[in-house]
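Only heavy atoms go into these numbers, but all of them, side chains included; no hydrogens, no water, no symmetry mates.
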Amino acid sequence: MDFWSRLLAHTPLSSASSRKDFAKDPARRLHRFEKEYSQLLHTWRHSSNLAHDDEAAEQIEIRLQELTSLLSDESRRPLPHPCISFAAAKQVYIPVAKIATSSYNEWIIKEAVLFFATLIESEEEAFVENDNFSGSLTNLLVRITGANSIRLSAEIEARIVELAFNITTKIRLNPEILPAWFKSHHHGPHDAKHIDDHDKFTGKTQKQDFPLFYLLMDYIHHEGKVGDFARTGLLYIIEAASSSVLLEQWIVESDLSTLMATGLGALYSQLSRKLVIDHPSNEVPPCLALSDYEHPKSNYEIVSSCSPEFLSHVDTFLSHLLFWQDVLNHCKSVEVKSTLLEHFQVIFLQQLLYPSLLESSDVDGGSSVAVLTYLRRILESVDHPDMINLILHYLLALPDVVSPAPADSGDIVSAARKRKSLDLATMMASKSEEAADPLLFNLVDLIRACLRSQNHQTVHVTLQLVSTILKRHHRYAVTTLLDTEGVLDESHHRTAGAQAQEIDYLMALAGTIGGDDTFNELYENLLRDTLGRVENHPCSTPLITPKTSTNNHQLPAVPDSLPSAPRSVRSHTLRPEDPLLNIMLDRLETFFTNPVETNLCLTEAVIDLAVCGYMHLEGWFLRSPQSYHFDEDDEEDEELPLPDPSLDPESQEYAEYVQMQQLKECRRRPKWNQSSLPRLLKVLQLLCDQVEAYREQVPRFDDLLQQRREAFQIADHAPPIPTPSRARTPSSQAPTVAGTPSIEKGMFDEARNPSRERPSGLEVFAQRILSELGTPSRSGSPRGRKETRRVASERVVPMNDATLLRTPIPNRSFSPTSVASAPAPISWDNRGDILNSQAKAFQAIDQSILARRIGIPEVKPPVEPITLSYDRKPAIVSADSAEGGEDASDDAEGEGEGGGEDALLAPSEDGETDAGTVVEEKTVSVSHVLTNVVLLQSFLFEMASVVQVRAGLFDEVRYT
């Protein structure tokens, strides 16, 4: 029949050409639109229940698709647009919204959402300004996303939130359309009497005032595109509050701040209470792989930091925290911002974050590791000054500064915020019992306690937290975390001679560790890195910013809106008795037996203490100028010839003479006195002396140390580690790095593969190094050695025939029988086999050396010269004292060396011991010590670079 109908109507038989003609002709396009719309209404009205009428639901879905397609096609064509005009005049969107809300059909809802999105995108007929259009759309969105609606797919939810986001974009670009979507039913004081306390606390206002706002609020915690659209749309609405007093008041009285604070708290509560810091088996850093590092054990209660589920939860929490920051950045209303910050402090800080820090413990797991890690991630992610000030001001128990109360302006928004604050305080007072106060135990107390912990992971994450505070929020640490004193003048600066002497001393300490490398390139790289690190410190900006203004205007202060923010940092130095510094130095004294992760964080924290431009190094990092002493009989420091006595003291020539004399005085190098060194330099000297002791105790120490250094260099320039392949037979496996301890795999890997056939991350790392080095028979040395080539796999392989013939095979016993049956001289045919066997023998020797367990060696203290005084009268010694003289001298000597018998009561790794209890000495492998020795040498170079960079950047050296 369709064929005969088209033939009698003189219409083309091709459907494709017919559709093109309809699309080009506005009249025929409108006719088709009206026909589709009438069929839609007819199907809907003749269906008793779309939820159970599949045929009618399918027809309605098809009709909606056609209507949307016609509107979308028409919007891309030139005017006129009769279909869009018809939709506006006949209010087609009203029945479409009713059909979708009553259908309970996912596909019809999807097409209805697309239909409304097409009308909004057309930007014609002022749909977004129409009250009927906004009412129909908001009713549709509320109904299909409500509790009584069907469960929608993620795709449809994304389209719904995107549609709401498009509306907020229109509101942001044109605030005049806001009244169509926001209709405030203001509740006066008389209406507030009928609202209970709970509704006051939650700010429960009529949702029908702004349904779009609450729709976006429901999706701000979602991940992916849905959450991005919801959060950005909500930011646009908050930004629009600056142009509408009614909207600003409504946001203050709404439960926005309560929902955001409780939502953040809910995400924080989802994070694991116990945590261990771990690395994937195939991504273990080389410095850990070449040490005694072992994977920590995790279970259903203690979560690993590399767990995908844990990482997902942390990312979700941090994304919502950043949303808080974005809201404060976009919010131009002071009252809205104050309400948000108040709820952030009361609900999140006081009720969740601080109690979790207070209740953390290392007794039964890594709860301290977890909460300190979360706090560090918070401080690393947030940079809004008001949020940072709230967090650190409360946790560090800084004193509150009461700002003068502004005059009562009668502003309705301010009055609304005061009522909101009062409701919040009343609700918290009735809800909480005796809350803990940071005045009794604050973050400083927790940090110091955790640094003394026996759990090395707790020490590790605590040092990371300290570094974060020092690097990003140094002004909060000056008077709380650190014990500092102000520096008023430049007399505290070191002289030019002392500056050169300090750098030479640090470089000499690094040189005592040894090495075949030329460290010039390494030091130049450290200088560049240190320069960028110092320049990027937040305190360095006012010091290094060029004074371009002729009036020498000061730089603007940090834009904190809260009155309790600490003042800007001023010149200061660290007291030598600072508790934090001394705890870190206590850890530094056991450097070689510390875990590598602890040493990395420890050295990082020391450098972070020194990079602030306002922190003077003299007294704790370098010698104090008050301790400088000079040799009077130094020939190189002869004074300049005296000027002409007739020269006028007020003349320019005399001033130049005085200046040259001062310059020569500042270039003199002070007498190096061990007793005048700060404790940091004394500890570094002790560590270098321990390296010398290791050199005497460990065979081939220098060779093994150089090979370890080369292994790190190869690892730095090697390509990424490939994914471990399945197990191979022992004969086909490449040899592992000699002396490197095997990394224990996680408990889940062991349960899944008890045979341990899969190569570990260390094995893959070793194979990568060996592949970079090539075969043992390869000749030539990049360092010019002719006889041997040190290989990063911790072995030494002879490189020519003369050495091969002179070197016996180790661990082989010779007897007359064996000599008689000695093989024929070595031929060129079996030369490769001999090389391989000898390489294995050397590798076995190095394996045994590197696996040996050693502790901290005893280093004899330097003998101080005895100052004889000939003016003092000889003391009269009684018989009793003479008999006990020997004991007294022994006691005195014991006290000088650390307490006599108490010196044997060495404390454990992180704790103290009781009297009479001898603690077993902690031992580590030689391989572990070698890695820490390389770290120590790098740390000494880094300290020297800090001294040199600061001298040039901050003019810290005195020449006059």
Side-chain angles (χ1 to χ4, degrees), residues 19 22-23 29-30 32-41 43-44 50-51 56-77 81-88 90-128 130 132-146 149-170 181 211-212 215-216 219 222 224-226 228-230 233:
R19 291 179 180 177
F22 274 116
R29 188 168 63 238
L30 176 60
R32 183 178 176 185
F33 186 85
E34 293 176 351
K35 182 180 178 181
E36 295 289 346
Y37 177 61
S38 62
Q39 291 180 0
L40 172 69
L41 296 179
T43 306
W44 175 48
L50 289 178
E58 184 178 0
Q59 289 298 321
I60 289 178
E61 179 189 353
I62 295 174
R63 301 284 79 80
L64 286 175
Q65 285 180 353
E66 292 294 334
L67 292 176
T68 304
S69 177
L70 287 171
L71 291 174
S72 178
D73 180 72
E74 185 178 77
S75 63
R76 295 191 297 267
R77 294 187 178 276
H81 294 162
C83 296
I84 298 178
S85 300
F86 177 83
K90 299 297 182 179
Q91 295 183 350
V92 176
Y93 43 80
I94 295 180
V96 170
K98 292 182 179 179
I99 293 172
T101 54
S102 61
S103 66
Y104 294 95
N105 185 287
E106 185 177 11
W107 304 108
I108 294 179
I109 293 175
K110 175 184 176 182
E111 296 301 331
V113 171
L114 293 176
F115 177 81
F116 276 93
T118 304
L119 292 179
I120 294 176
E121 292 175 359
S122 64
E123 298 184 354
E124 298 181 35
E125 303 296 338
F127 285 105
V128 293
N130 191 293
N132 294 329
F133 180 84
S134 63
S136 298
L137 179 54
T138 52
N139 181 66
L140 169 64
L141 297 180
V142 170
R143 294 283 298 276
I144 63 179
T145 58
S149 177
I150 63 173
R151 184 175 182 83
L152 302 176
S153 64
E155 178 186 0
I156 297 179
E157 284 188 336
R159 292 185 181 275
I160 292 172
V161 179
E162 183 179 3
L163 175 60
F165 166 76
N166 292 335
I167 298 172
T168 60
T169 304
K170 304 288 185 183
W181 302 91
L212 194 66
L215 172 68
L216 295 173
Y219 288 95
H222 283 60
K225 185 169 62 174
V226 175
D228 293 339
F229 278 131

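Leu215 has its side chain out of reach of Val142: every pair of non-hydrogen atoms, C-beta onward, lies at least 4.5 Å apart. Counting heavy atoms from C-beta on, the side chains of Val92 and Leu40 never come closer than 4.5 Å. In this structure the side chain of Thr168 never reaches within 4.5 angstrom of the side chain of Trp181, judged on heavy atoms. By the 4.5 Å heavy-atom criterion applied to side chains, Ile84 and Ser75 are counted as neighbours. The closest side-chain heavy-atom distance from Pro82 to Phe33 is not below 4.5 Å. When side chains are defined from C-beta on, Tyr93 does not count as touching Leu137, because their heavy atoms never get closer than 4.5 Å. No side-chain heavy atom of Ile144 sits under 4.5 Å from any side-chain heavy atom of Ile156. Under the 4.5 Å side-chain criterion, counting only non-hydrogen atoms from C-beta, Ile60 is not in contact with Asn105.
For the pair Lys90 and Glu34, the salt-bridge criterion is not met [side-chain N within less than 4.0 Å of a carboxylate O].
Side chains of Glu111 and Thr68: a donor-acceptor N/O pair is absent below 3.5 angstrom, by distance only.
Of the candidates Glu124, Glu125, Arg29, His81 forms a side chain to side chain donor-acceptor pair (under 3.5 Å) with just one, namely Glu124.
Counted within 6.0 Å of CD on Glu58, heavy atoms from surrounding residues, nucleotides or ligands total 12 or fewer; the atom is thus considered open.
The shortest non-hydrogen separation linking Ala100 to Leu140 is CB-CD1, 3.6 Å. Taking all atoms of both residues into account, the shortest heavy-atom contact from Leu41 to Pro95 is CD2-CB, 3.9 Å. Between Leu64 and Ala112, the shortest heavy-atom distance links the atoms CD1-N, 4.3 Å. Counting all heavy atoms, side chain and backbone alike, Ala56 lies closest to Leu50 at CB-CD2, 3.9 Å. Nearest heavy-atom pair, Gly233 versus Leu216, reported as atom, atom and distance to 0.1 Å: C-CD1, 3.7 Å. Taking both residues in full, the closest heavy atoms of His222 and Val226 are given as CB-CG1, 4.0 Å, listed atom of the first, atom of the second, then distance.
Within the 3.5 Å criterion, the main-chain N or O of Gln65 finds no donor-acceptor partner in the side chain of Ser69. A donor-acceptor pair under 3.5 Å is absent between the side-chain atoms of Asn130 and the main chain of Ala126, judged by distance alone.
Note: Tyr37 and Phe86 have perpendicular aromatic rings, judged against thresholds of 30 and 60 degrees for the angle between ring planes. Taking the six-membered ring where tryptophan is involved, the planes of Phe133 and Phe127 are tilted, since the angle between them lies from 30° to 60°.
Of the inter-residue distances, the one linking Lys35 atom NZ with Arg63 atom CZ reads 9.0 Å to the nearest 0.5 angstrom. One finds the CD atom of Glu155 at 11.0 Å from the CD1 atom of Ile160 (value rounded to the nearest 0.5 Å). Summarising the geometry, atom SG belonging to Cys83 is positioned 10.5 Å from atom CD belonging to Glu36; distances are rounded to the nearest 0.5 Å. Here Glu74 contributes atom CD and Thr118 contributes atom OG1; the two are 12.0 Å apart, rounded to the nearest 0.5 Å. Note that CG of Leu67 and CG of Leu119 are 10.0 Å apart. Values are rounded to the nearest 0.5 Å. To the nearest 0.5 Å, atoms NZ (Lys225) and CZ (Arg159) are separated by 7.5 Å.
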Exercise for the section: Please assess Arg32 against Glu66 for the test salt bridge (Lys or Arg N to Asp or Glu O under 4.0 Å), listing each intermediate value before the final yes or no. Expected result: CA-CA 9 Å; Arg32 183 178 176 185; Glu66 292 294 334; 3.1 Å; yes
Exercise for the section: Go through Val96 and Phe116 one step at a time and tell me if the side-chain contact (heavy atoms from CB on, under 4.5 Å) criterion holds. Expected result: CA-CA 9 Å; Val96 170; Phe116 276 93; 4.2 Å; yes
Practice task
Apply salt bridge (Lys or Arg N to Asp or Glu O under 4.0 Å) to Glu106 and Lys110, showing your working.
Solution key: CA-CA 6 Å; Glu106 185 177 11; Lys110 175 184 176 182; over 6 Å; no
